[in-house]
Every structure is written in structure tokens, then in C-alpha cells.
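See structure below.
As the structure lists them, so they are numbered: ligands from 1, and atoms in each ligand from 1.
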Amino acid sequence: MVKKVTAKKTVAKKANTKPKQKEVETTEHEWDGIKEYNNPLPRWWLLTFYACIIYAIGYAIYYPSIPNVKSLSGWTQRGQLVEDQQKAEKAQKVFNDKIHAMTAQQIIDDDSIRNYAIEGGKAAFALNCSQCHGSGAGGAKGFPSLLDDEWLWGGKLEDILTTIKHGIRSPLDEDTRIGNMLAFGDDEMLEKDEIKNVIQYVMVQSKQIKPTEGSEEGATIFAENCAACHGEQGQGMHETGAPNLFNAIWLYGGDKSTLAETLAHGRKGEMPAFAKRLDEDTIKKLAVYVYSLSGGEK
Ligand code: HEC
Ligand code: HEC
């Protein structure tokens, strides 16, 4: 009982001694009767603010912040980059030396180095090849996909190496791959009707349309004019770079109007030669990478 009473007393005392609210100056700005107090900034805030300024001055002297003036620490972003690069090169040297001493085939057969070469090839591909073949090597109209197992010039490791080194129809390389799709229309090698019929034949063989009257005639025209490069079965030929015409994979397109364009004007896709642009080891990595995408040909 006694305890309770004392507690009450203290509460009453506290209420009495509460200091009166001080009159605070205003800035004398007034908006619709609302006045602005002119309170000083809190001390903790001001101290933090000054501390920040002092820190910033120290930072500006210690680290590079004024153009062309050396900082106290001597640290630069560029210096850091060079250091990091040297570290990375040192770490990669063991692998790169190994690759230098091996053939592309040996690299593929070696579990300890294959993945490193593929990753290197992927990076080099993004830099040198993706503009034409797509970042995922999926290709585009006129630029073959490197993901499937359909090859114009061959998917054996040696074939891929040759293609990368010497390019295709590359005017700057003597050993480049040659062989053009002829302009049967422009060069008047076939009549309009003959072209129409052979197109129908190609469309029948690639299972796009049912056989027609024209397509039967087209078969003869094909045997006489096309089979030499594209093969009797239209299966394509690596020696001439002529693609398979009787399946569903197209370089330029298998629809009627694209076929008409191909037959009229011919085709000669160009791929640059890389032998003089890239070093031998990078080309090896690229070939291993491209081979790994599709499984290549044996
Ligand atoms: C300027 C565009 C271009 C660039 C860059 C390019 N290619 Fe090609 N590449 C082509 C074209 C076009 C063809 C198809 C040529 C043809 O019609 O026969 C081709 C074909 C190929 C083939 C042959 C495919 C087959 O079916 O036989 C391979 C392999 C290849 N490229 C790999 C590469 C690699 C690897 C790089 C990078 C080092 C590269 N290409 C860079 C345009 C390019
Ligand atoms: C001298 C060899 C040669 C002859 C003959 C030839 N072609 Fe071609 N053809 C090629 C080559 C090489 C290509 C690939 C061109 C390229 O990669 O740019 C091609 C491409 C094509 C394409 C494009 C295929 C695609 O995937 O888009 C068609 C269609 C085609 N030929 C049809 C024919 C027909 C039909 C004939 C006969 C009337 C014929 N060719 C005769 C060499 C030949």
C-alpha cells in the first residue's frame, strides 16, 4: 500500500517540473498563416557534415581525383588493370603454353585442356565472329548456323580450321574456298520456264509442296544443271560448298520467292580469312569451340 502512494507522488512532481516550451524565433516567412521556425541545425548533424568535408579533402589528396596530378598513394585505375591483367596472364600461361604445343585434335581429346580452349574460343568468337554468325552462333539469312550438323564446307575439325584460316570467297586469301551458285537467270543459262520447274522440283523434294507437272520436268533440269554441285540426291557437296537442297535447313531461304532470287542472280556468301588477323592458338581455340557447338563431323 505504502509503496503505491509514493509512486503516485513522484509522477505528480515530474509533471510540475516540466520546463515551459521556449519561444522559438521564426524566419518571419509566413504562408497562409503558417510560420517557419528558425531552429539551429542539430549539433550531431553539423559535426557529421564537417567530418565529411575533412574526409573528402583527405580522399582527394590520397586517391587520384585531379586530372594529371599524381595522388599521394600513387594508385590508379589503369595501374590496377595492368596488375590484374598480369596476374590473369600468369595464371593462364600454363594453359596457353599447353595449347601452343598441341594440335586442335589433341586439345579436343584432352580432358584437362578442352574446356579451357572452348571458353577461350567462345570469347574470341564473341569478338570476331558474332557480328555475322550471331552471338550464339545461330546464324541468320546468308550466314550459316554453326549449331546444326549441316555443313557447307565440312564439319571435320580440319575443315573448320581451313574455313577460319582462309575464309570463303575471301578476295584477300589465295587459299580461300571458292565455288559459286551460278546466276542461271541473269546469265541466261536457263529459260524462265525451266527455272520455274526446277524450283518446283526443289520444293517437292524438300517436302514443301506435292508433285506437280512442272516438277517432273524440273527433275531432268536438276540432274543436268544442278547435280554436279549439289549432288544427285540434292544432298550438297563440301567440295563445292553447295548446300543440301532437299531438307528443311536453308541458308538463304526455301520459299518460292527466295528460291527465284537465288536462281536468278546466284549467290556467293563471303567470309573473311582470319589467318593474318588472329594468331594460330586463337584459331585453334575457335575451331575447338565451333566443333564443340555441333559435335562437328568425324
Ligand atoms: C563478315 C561476316 C563473317 C564473319 C566475321 C565470320 N563469318 Fe563465318 N561465314 C560467313 C559466311 C557468309 C559464311 C558462309 C559462306 C558461304 O555461303 O559459303 C560463313 C561460313 C562459316 C563456316 C562454314 C560453315 C559451313 O557450313 O561449312 C564456319 C565454320 C565459320 N563461318 C566460322 C566462323 C568463325 C569461327 C568466325 C570468326 C573467327 C567467322 N566465321 C566469322 C560470314 C562471316
Ligand atoms: C557450280 C556449282 C553450282 C551449280 C551448278 C548450282 N549450284 Fe546452287 N549453289 C552452289 C553454291 C556454292 C551455293 C551456296 C552459295 C553460298 O553459300 O553463298 C548454292 C546455293 C544454292 C541455293 C541456296 C540454298 C539455301 O540454302 O538457301 C539454291 C536454292 C540452289 N543453290 C539451287 C540450285 C539449283 C536449282 C541449281 C541448278 C539449276 C544449282 N543450284 C546449281 C553451287 C552451285
Can a donor-acceptor pair be found between the side chains of D279 and T282 at a distance below 3.5 Å? yes
So that I can check it, does any N, O or S atom in H230 come closer than 2.8 Å to atom 8 (Fe) of ligand 2? yes
Between D173 and S170: side-chain donor-acceptor atoms closer than 3.5 Å: no
Pairing donors with acceptors under 3.5 angstrom, does anything connect the side chains of Q208 and S206? yes
Using a 3.5 Å cut-off on N or O atoms only, is G253 in polar contact with ligand 2? yes
Note: ligand 2 atoms sitting under 4.0 Å from heavy atoms of C226 are 34 (C), 35 (C), 36 (C), 37 (C), 38 (C), 39 (C), 41 (C)
Please list, in number order, the atoms of ligand 2 under 4.0 Å from a heavy atom of L259. 29 (C)
Residue list, side-chain contact (heavy atoms from CB on, under 4.5 Å) with A137, at least two apart or on another chain: F125, L146, L147, L293
Return the orientation label for the H29 and W31 ring planes: parallel under 30°, perpendicular over 60°, tilted otherwise. perpendicular
Does K98, at its NZ atom, have more than 12 non-hydrogen atoms belonging to other residues, nucleotides or ligands within less than 6.0 Å? yes
Name the orientation class of the two ring planes belonging to F222 and F246 (parallel below 30°, tilted from 30 to 60°, perpendicular beyond 60°). tilted
Taking 4.0 angstrom as the limit and counting only heavy atoms of C229, give me the atoms of ligand 2 inside it, by number and element. 1 (C), 2 (C), 3 (C), 4 (C), 5 (C), 42 (C), 43 (C)
By the salt bridge (Lys or Arg N to Asp or Glu O under 4.0 Å) test, which pairs, at least two apart or in different chains, include something from residues 108-127? D111-R114
Per-atom filter on ligand 2: closer than 4.0 angstrom to a heavy atom of L245 are 22 (C), 24 (C), 28 (C), 29 (C), 30 (C), 32 (C), 33 (C)
Could you check ligand 1 for N or O atoms lying under 3.5 Å from protein N or O atoms and list the pairs with distances?
unit_1, atom_1, unit_2, atom_2, d
ligand 1, 7 (N), H133, NE2, 2.8
ligand 1, 9 (N), H133, NE2, 2.8
ligand 1, 18 (O), W153, NE1, 2.9
ligand 1, 18 (O), R169, NH1, 3.3
ligand 1, 26 (O), L152, N, 2.7
ligand 1, 27 (O), L152, N, 3.2
ligand 1, 27 (O), W153, N, 2.8
ligand 1, 31 (N), H133, NE2, 2.8
ligand 1, 40 (N), H133, NE2, 2.8

Using the test side-chain contact (heavy atoms from CB on, under 4.5 Å), find all partners of N128 that sit at least two apart in sequence or belong to another chain. A124, F274, L278
